[in-house]
Amino acid sequence: MEGADIHFHFHPFSIFQKARSTRVGSEIGRRQPMQGSRTIGVPCIVVLSLCSWVGVAVGAMFQYPGGADAVLKYSPSASNVPTAISFSITASNLIPAGSQVELQLPGFTRNAGGSLALQQTTGLGPAATGMWDEVAQTLLLQVPSQVGTIAGTIPVSEGMRLPRSGLLKDQFTLRYSRTPPQSFVSPAVGSFAPDFDITERRTRLVYGSVILGGPVTSGHLINLLISFENRMSILNEEVVMLTLPNFNGDSFSLANNVVAKDMGNKGRFVAAWDSAAFTLLLHYLCDTGGCELESGPQKNIEVKGKLRVPSDGVALNDPTLTIETTAIQGPVSAIPIDFSDSVKGVIRSSSLSFCEGQCIFNMFEWFCVTKRAHPAQRTEMTFSFVFEVDLVENETVVLFLPGFVGPDRTKIPISGHPLCEVGAKSSPYDVTVALKQHPYGCTSNVLCEALAYTGSGVLGRASWSNTSKELTLTAAMAVSEGTQHVVAVPMDSGISLPAAGIRTNSMDIKLRSECVSGPIPPASPRSVLSVGALQNVLLSFTPALPAVTTEIAFSFTASMDLEVGDVLQLMLLDLNDDTVSGDPVAASSPDAFKSGVTWNKASNTLFLTCTQKLIAATSIAVRVPASFGLRLPLEGVGPTSDHHFYVLNANHGYIPNTRVVQTTDVPPVLDATILTYGASSGFNFSTLTFQFTAKRALAVGDKITLRLEGFTGKSTEAS
């Protein structure tokens, strides 16, 4: 630095700190004045290593003076369970290439150190990973090139867990490397987890009979004991919520004053039950208004004689039973209750599935075809069940099917041999088989369609009320407990699926029975086949002109959740793609399909792959720009084109090949075309006249070609 002018600027410090040297230079350690203290001028000692000040050497820990925006987020926001951790650091100075950034996360655990995968990264390069140190509880990140922001998400699958004790809002111990270390902006996280795995102190759910010493049986009223240890304070009017799927009982509100725990001058818990959402709300109330339920010993809260165990029982430590809270000092996302009793159900198993199945007799044999079910279309329903109670002849099982539509019927024959089980067991859809006899037992096409035959199932007949949406199945014989039975409601009954489809294991569908040997209160079948549906589907083109490249816009609303990896195929059979190469850069709102669009020239299909979870009823729009090179046909595209279809391979509802009904009208280049012949002698014409209306401007040099198959004549050139 010979001949250079060096300037130093000094400021008073509230706390003197010795300068620290880095690998390629040094800096003066600074600390801002502590809140509430006076700034006092003190002597300062400056130690400089006169090396080239060019940044951080490759592999050095990222350190720089100045501020930054640093954020941590968690999903689920709960302690001691596998959690996705998202981080973002935007530095006021650029982070040099080759730097290492260390995230200090005391109390976080993974049960093992080593490399972990990162998702949705920024500034960390492709296929980014981090290195977790289980002892030091730090995450080390490598920055390959100079950037201003780094970000990423550690997925749930990596097994990272938040501290057992929970976290305060903006907890100062969560920091990243700089001098001095900078704390993250981060949310508070509550906890129901004790410091150690002491069984008695973990969340617990115990069922007791309302009759002293009596057994706990499914379908009957119970006393419910809830135990938890809150590691954060719970303030007045805050709520602890339990979700108890398929539990029964009439709804009651806070106004009913069902006191579940009275703690005297420390307040009380008052319960409320929502039978539609299966949620039990425990409201903490304190008459003085200013008190709070401090963290500490386990709380035992009891709701007596209000709820019933599900008809199909409860498994031991059932993970679908969850606890959560929105407490300001530490919210907890829904997490499974650690320990819960098992109760044998009156329903051992139950399932409901759908398909389009029909057989046609050609005077020699029955041709039976099965296809995937479509929303708003007639369906065969297959109901499989094992009860732990007996049914006697003429007792009924009722299925509540909201959203289903069909004409009222008093007699529907029920078969014991579903058409959907006639095809290959591994793939019952899109199967055609030839049979000597109809599986239902009907003997002609007319009798099958008229439902004029006798059912063969143990539940041999049914009735349907379109008003109550109830399908009532009647036992044709005694049905013994513990025996599996399968019955089919024929597609000719005219009952159609909801237009919005069926969500996976839908809890809207219920079954019940008033059998003498033991009533079965309403319960959802354990397994319900999903049937996907897209609503508000619109395919449009801009510009809407034939023979030009166009922007393709496809919008829809999914009736079910879409998961990462779900694929929507949009088949555009009449578009030309001679100029297409590579994959399009599409726009998507939300961004779930922006980076997941590819084009298959062989099948004229756009593949749209979902890259983030979308909840049901989300409106989605995807646009493929005109610059990609897809060209509309000369003959145009009608508003109800038969050449546009979509297929959706989704976790929560497969949608088979479905025509796009609503499409932008693209008129052809030429309209009102007329071809006439002049005076003729034999097969010779003196004139050939072609009349047309041009739907778009024609430029000099544009050509119109008529293909005249079978015509002969001398070749001529246009003059």
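Keep in mind that this is a model prediction, so the values were computed, not measured.
- For Leu316, the CG atom counts as densely surrounded, since its 6.0 Å shell holds more than 12 non-hydrogen atoms of other residues, nucleotides or ligands.
- Atoms OG1 and CD, on Thr203 and Gln298 in that order, are 9.0 Å from each other to the nearest 0.5 Å.
- Without hydrogens or angle criteria, Ser77 side chain to Ser333 main chain gives no donor-acceptor distance under 3.5 Å.
- Salt bridge present: Arg110 and Glu158 bring a charged side-chain N and a carboxylate O closer than 4.0 Å.
- Considering all non-hydrogen atoms of both residues, Leu235 and Tyr284 come closest at O-CD2, 3.3 Å.
- A donor-acceptor pair under 3.5 Å is formed between the side chain of Thr83 and the backbone N or O of Val81.
- Between Thr243 and the choices Thr320, Thr279, Leu280, the side chain to side chain contact (heavy atoms under 4.5 Å, CB included) rule is met once, by Thr279.
- Between the side chains of Thr90 and Thr149, at least one donor-acceptor pair of N or O atoms lies under 3.5 Å.
- The closest side-chain heavy-atom distance from Phe192 to Ile337 is not below 4.5 Å.
- Not a single salt bridge (Lys or Arg N to Asp or Glu O under 4.0 Å) links Glu237 to another residue, sequence neighbours left out.
- Here the closest non-hydrogen pair linking Ala523 and Ile347 is CB-CD1, 4.5 Å.
- The OG1 atom of Thr322 sits 7.0 Å away from the CG atom of Leu242 when rounded to the nearest 0.5 Å.
- Taking the side chain as every heavy atom from C-beta outward, Leu568 and Leu534 approach each other to under 4.5 Å.
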Checklist entry - Does the side chain to side chain contact (heavy atoms under 4.5 Å, CB included) test come out yes or no for Val647 and Tyr654, once each step is laid out? => result CA-CA 8 Å; Val647 173; Tyr654 178 88; 3.6 Å; yes
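- Rounding to the nearest 0.5 Å places NZ of Lys299 at 8.0 Å from CE of Met263.
- Checking side-chain atoms of Ser559 against main-chain N and O of Gly501 turns up no donor-acceptor pair under 3.5 Å.
- For the pair Gln329 and Glu238, the minimum side-chain heavy-atom distance is 4.5 Å or more.
- A salt bridge links Arg526 with Asp312; the closest basic N to acidic carboxylate O contact falls under 4.0 Å.
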query: For Asp561 and Lys613, what are the C-alpha separation, side-chain angles and deciding distance, and is it a salt bridge (Lys or Arg N to Asp or Glu O under 4.0 Å)?
result: CA-CA 7 Å; Asp561 293 349; Lys613 181 179 177 66; 3.6 Å; yes
| request: Could you walk me through whether Ile509 and Leu352 pass the side chain to side chain contact (heavy atoms under 4.5 Å, CB included) test, one step at a time? | output: CA-CA 9 Å; Ile509 296 173; Leu352 188 63; 4.1 Å; yes
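- A pairwise comparison of heavy atoms in Pro194 and Glu229 identifies CB-OE1, 4.3 Å as the closest pair.
- Side chain of Arg161 to backbone of Asn80: a donor-acceptor contact under 3.5 angstrom is found.
- Of the possible donor and acceptor atoms, one in the side chain of Asn248 sits under 3.5 Å from a partner among the backbone N and O of Asn246.
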message: I'd like to know whether Phe278 forms a ring-ring contact (aromatic ring centres under 6.0 Å, His included) with Phe247, so could you lay out the CA-CA distance, the side-chain angles of the two residues, the decisive distance to 0.1 Å, and finally the verdict.
response: CA-CA 7 Å; Phe278 303 113; Phe247 275 61; 8.6 Å; no
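- Without hydrogens or angle criteria, Asn236 side chain to Cys291 main chain gives no donor-acceptor distance under 3.5 Å.
- Using cut-offs of 30° and 60° on the angle between ring planes, the pair Phe108 and Tyr74 is tilted.
- For the residue pair Glu294/Ser233, the side-chain donor-acceptor check at 3.5 Å is not satisfied.
- Between Thr129 and Ala117, the shortest heavy-atom contact is CG2-CA, 4.5 Å.
- To the nearest 0.5 angstrom, Leu105 atom CG is 6.5 Å from Ile85 atom CD1.
- Between the Ser506 side chain and the Arg503 main chain, no donor and acceptor come within less than 3.5 Å of each other.
- Asp133 and Thr138 are not linked by any side-chain donor-acceptor pair at a separation below 3.5 angstrom, with hydrogens and angles left out of the test.
- Not a single donor-acceptor pair under 3.5 Å links the side chain of Asp338 to the backbone N or O of Arg202.
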Checklist line | Worked check of side chain to side chain contact (heavy atoms under 4.5 Å, CB included) between Leu244 and Trp273 | finding: CA-CA 10 Å; Leu244 309 173; Trp273 169 250; 4.2 Å; yes
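- A 4.5 Å side-chain heavy-atom check between Asp69 and Ser88 finds every atom pair outside the cut-off.
- When side chains are defined from C-beta on, Val567 does not count as touching Leu648, because their heavy atoms never get closer than 4.5 Å.
- To the nearest 0.5 angstrom, Leu167 atom CG is 9.0 Å from Leu72 atom CG.
- Under the 4.5 Å side-chain criterion, counting only non-hydrogen atoms from C-beta, Phe87 is not in contact with Val71.
- How far CD1 of Ile655 is from CG of Asp566: 10.0 Å, rounded to the nearest 0.5 Å.
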Discussion item. Please determine whether side chain to side chain contact (heavy atoms under 4.5 Å, CB included) holds for the pair Asn649 and Gln569, giving the CA-CA distance in whole Å, both sets of side-chain angles, and the decisive distance to 0.1 Å.
Written reply: CA-CA 8 Å; Asn649 288 296; Gln569 301 175 41; 3.3 Å; yes
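- What you find for Ala271 and Leu282 is that their closest heavy atoms are CB-CD2, 4.0 Å.
- The backbone N or O of Ala151 lies less than 3.5 Å from no partner atom in the side chain of Thr121, so there is not a single donor-acceptor pair.
- Looking at Pro245 and Met507, their side chains come closer than 4.5 Å, going by heavy atoms from C-beta outward.
- Two residues are said to be in side-chain contact when any heavy atoms from C-beta on lie closer than 4.5 Å; Val314 and Ser342 fail this criterion.
- For Asn300 and Lys261, the side-chain atoms include no donor-acceptor pair closer than 3.5 Å.
- Note on ring orientation: taking the six-membered ring where Trp is involved, the planes of Tyr646 and Phe554 are tilted (angle from 30° to 60°).
- Annotation for Leu162 and Ala78: closest pair CD1-O, 3.6 Å, computed over non-hydrogen atoms.
- Between the side chain of Gln137 and the main chain of Gly107, a donor-acceptor pair closer than 3.5 Å is present.
- Donor-acceptor pairing under 3.5 Å is lacking for the side chains of Thr605 and Asn600.
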task = Could you give me the CA-CA distance, side-chain angles and deciding distance for Ser79 and Ser191, then say whether side chain to side chain donor-acceptor pair (under 3.5 Å) is met?
result = CA-CA 5 Å; Ser79 66; Ser191 174; 2.7 Å; yes
